[in-house]
Engineer: 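I am attaching a structure below and will ask some questions about it afterwards.
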Amino acid sequence: MIIRISDIENVVKVQGEIEGRKFEKEDGEDPVRFASPLLYELTVRKKGEVLSIRGPVESTLTLTCGKCLEQYNFHVEAFVDIELAPTKLMPSESELELKGEDLDTYYYEGDEIELDPFVYEEIMLNVPIRPLCKEDCRGLCETCGCNRNTEECRCSGESHTLLGDKLKSFLN
C-alpha cells in the first residue's frame, strides 16, 4: 500500500491486506511462511512533515516447532506505532545517543511512502525466537529420533555417544 503525503490533510485511515507470498524468499528456504494475508488497519496522522502511523496488524504464519520439527499455524496480532520524518530532519551527527522514542522513528524521501514493509516488520518482530507447537511439546528422542508427541519411544532412553562412553570409562 502506497500513500501519498501530499494527499493527507490531517488524518487518514488505511486498511487492507497484503499477500504474504510477497515477502517469502524465492528459494523456498524461508523458515516463516504465511498461511493467511497480513491484515492491517492503520491511522496516519500528519503533524507538519512528520507522520505518525498507528494501528493493529495481524496474520497467521506457518512455523516449524523448535523441538519436534512439525509445522503448525501461529496467529500474530501486533500493533504498529511509528513515526516517519523527512530525511532533512535526520540528525547529522555521525555518533548520536539514541533515546527510546528515536527507535521508532524512520525517515523518508519524496512524496510517497510504502506501508507494506512496516506491516511486515511488525509481524516478524512478534514471531517467537524458538517456536513451539505447544507449551508442553516433548520433542524428538535424542537416540531414535521419533516424535515423542505422537508415539512412545522404543529405545532404552540412554543415549550412547563415543565421547560419553570414553568419559564413563575414565571416571570408573
Side-chain angles (χ1 to χ4, degrees), residues 1-137 139 147 149:
M1 164 60 116
I2 296 176
I3 58 170
R4 182 169 278 122
I5 298 168
S6 59
D7 292 345
I8 303 171
E9 288 186 33
N10 290 327
V11 177
V12 66
K13 292 191 182 273
V14 290
Q15 66 182 37
E17 62 182 52
I18 306 166
E19 207 45 59
R21 280 175 267 165
K22 173 181 178 178
F23 299 106
E24 291 178 2
K25 295 178 183 173
E26 291 179 17
D27 59 8
E29 295 295 319
D30 205 346
V32 175
R33 290 195 333 271
F34 290 89
S36 73
L38 290 81
L39 304 175
Y40 61 91
E41 189 174 321
L42 304 173
T43 302
V44 181
R45 293 186 193 288
K46 187 175 180 182
K47 302 173 209 159
E49 294 181 278
V50 177
L51 299 176
S52 170
I53 301 174
R54 300 188 71 202
V57 295
E58 67 178 278
S59 185
T60 301
L61 310 173
T62 301
L63 304 176
T64 302
C65 179
K67 284 187 173 181
C68 69
L69 304 179
E70 294 290 322
Q71 291 191 336
Y72 70 100
N73 285 342
F74 180 76
H75 187 74
V76 176
E77 291 182 7
F79 195 83
V80 173
D81 187 6
I82 60 172
E83 284 196 353
L84 294 167
T87 53
K88 65 183 178 185
L89 297 179
M90 188 183 312
S92 60
E93 299 176 26
S94 60
E95 288 190 30
L96 178 71
E97 183 178 344
L98 292 175
K99 299 180 186 88
E101 62 269 11
D102 294 332
L103 298 176
D104 292 327
T105 302
Y106 296 86
Y107 297 93
Y108 68 88
E109 275 188 37
D111 189 46
E112 295 182 340
I113 296 175
E114 174 78 36
L115 293 178
D116 295 359
F118 300 111
V119 173
Y120 172 75
E121 179 181 338
E122 197 60 44
I123 293 289
M124 296 312 291
L125 286 172
N126 286 279
V127 173
I129 293 172
R130 185 169 185 219
L132 294 176
C133 60
K134 55 187 178 180
E135 196 67 34
D136 60 342
C137 178
N147 184 341
N149 294 317

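Atoms considered below: every heavy atom in the structure, side chains included; atoms not considered: hydrogens, waters and symmetry mates. Heads up: numbering here begins at 1 and tracks the sequence.
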Engineer: With sequence neighbours left out, which residue pairs that include part of residues 1-24 fulfil the ring-ring contact (aromatic ring centres under 6.0 Å, His included) condition?
Structural biologist: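 Counting only pairs at least two positions apart or across chains, the ring-ring contact (aromatic ring centres under 6.0 Å, His included) contacts touching residues 1-24 are Phe23-Tyr120.
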
Engineer: For the side chain of Asp116 and the backbone of Met1, is there at least one donor-acceptor N/O pair under 3.5 Å apart?
Structural biologist: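 Yes.
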
Engineer: What is the distance from atom NZ of Lys134 to atom NZ of Lys67, rounded to the nearest 0.5 Å?
Structural biologist: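 If I round to the nearest 0.5 Å, the distance is 11.0 Å.
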
Engineer: Rounded to the nearest 0.5 Å, how far apart are CD1 of Ile53 and CG of Leu115?
Structural biologist: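 Reported value, rounded in 0.5 Å steps: 5.0 Å.
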
Engineer: With side chains defined as the heavy atoms from C-beta onward, is the minimum distance between Leu42 and Val80 less than 4.5 Å?
Structural biologist: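 They are in contact (side-chain heavy atoms under 4.5 Å apart), so the answer is yes.
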
Engineer: Taking distance alone, no hydrogens or angles, what donor-acceptor pairs closer than 3.5 Å link side-chain atoms of residues 58-66 to residues at least two apart or in another chain?
Structural biologist:
residue, atom, partner, partner atom, Å
Glu58, OE1, His75, NE2, 3.2
Ser59, OG, Ser36, O, 3.1
Ser59, OG, Pro37, O, 3.4
Thr60, OG1, His75, ND1, 3.0
Thr62, OG1, Asn73, OD1, 3.1

Engineer: Residues in side-chain hydrogen bond (donor to acceptor under 3.5 Å, both in side chains) with Asp111, at least two apart?
Structural biologist: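 Counting only residues at least two positions away or on another chain, Asp111 forms a side-chain hydrogen bond (donor to acceptor under 3.5 Å, both in side chains) with Ser6.
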
Engineer: Any chance you could measure Thr105, atom OG1, to Ile82, atom CD1, to the nearest 0.5 Å?
Structural biologist: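 Atom-to-atom, Thr105:OG1 and Ile82:CD1 are 9.0 Å apart.
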
Engineer: Is there a side-chain contact between Leu38 and Glu17, using heavy atoms and a 4.5 Å cut-off?
Structural biologist: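 Answer no - side chains too far apart.
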
Engineer: Report the distance from atom SG of Cys133 to atom CD of Gln71, rounding to the nearest 0.5 Å.
Structural biologist: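 Going from SG on Cys133 over to CD on Gln71, the span is 11.5 Å.
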
Engineer: State, to 0.1 Å, how close Asp136 and Asn149 come at their nearest heavy-atom pair, and which atoms those are.
Structural biologist: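 Distance-wise, the nearest heavy atoms are O-OD1, 4.3 Å.
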
Engineer: Are the side chains of Val119 and Leu39 in touch, meaning some heavy atoms are under 4.5 Å apart?
Structural biologist: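 Contact flag for Val119/Leu39 side chains = no.
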
Engineer: Between Tyr40 and Phe118, does the ring centroid distance fall short of 6.0 Å?
Structural biologist: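 Judged by ring-centre distance (under 6.0 Å), Tyr40 and Phe118 do not meet the cut-off.
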
Engineer: Between Ile2 and Ile113, is any pair of side-chain heavy atoms under 4.5 Å apart?
Structural biologist: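 The answer is no, as the side chains (C-beta and beyond) never meet within the 4.5 Å cut-off.
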
Engineer: Consider only side-chain N and O atoms of Tyr106 and Glu121, and report whether a donor and an acceptor are under 3.5 Å apart.
Structural biologist: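 Present: a donor and an acceptor within the cut-off.
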
Engineer: Checking Asn126 side chain against Glu122 main chain: does a donor-acceptor pair fall under 3.5 Å?
Structural biologist: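 Yes: the side chain of Asn126 pairs with the backbone of Glu122.
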
Engineer: Please round to the nearest 0.5 Å and tell me the distance separating atom CD of Glu83 and atom CZ of Arg45.
Structural biologist: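 Answer for the CD-CZ pair, Glu83 versus Arg45, is 12.0 Å.
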
Engineer: With a 4.5 Å limit on heavy-atom distance, are the side chains of Ser52 and Lys47 in contact?
Structural biologist: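 Result yes, sub-4.5 Å side-chain heavy-atom pair found.
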
Engineer: State whether the side chain of Tyr108 and the backbone N or O of Ala85 hold a donor-acceptor pair below 3.5 Å, judged by distance alone.
Structural biologist: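 No.
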
Engineer: Might you point out which heavy atoms bring Tyr72 and Pro131 nearest each other, and give the distance in Å?
Structural biologist: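 Nearest pair, atom of Tyr72 first, then Pro131: OH-CB, 3.0 Å.
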
Engineer: Is the side chain of Lys46 donor-acceptor paired with the backbone N or O of Ile5 at a distance under 3.5 Å, no angle test?
Structural biologist: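 At least one qualifying donor-acceptor pair exists.
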
Engineer: With side chain to side chain contact (heavy atoms under 4.5 Å, CB included) as the criterion, how do Glu112 and Ile3 come out once you've worked through the C-alpha distance, each side chain's angles and the decisive distance to 0.1 Å?
Structural biologist: CA-CA 6 Å; Glu112 295 182 340; Ile3 58 170; over 6 Å; no

Engineer: Indicate yes or no: does Lys88 engage Glu49 in a salt bridge with an N to O separation below 4.0 Å.
Structural biologist: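 Answer for the salt bridge query: yes.
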
Engineer: Over all heavy atoms of both residues, which pair between Pro128 and Phe74 is shortest? Give the atoms and the distance, please.
Structural biologist: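 Result for this residue pair: CD-CE2, 3.6 Å.
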
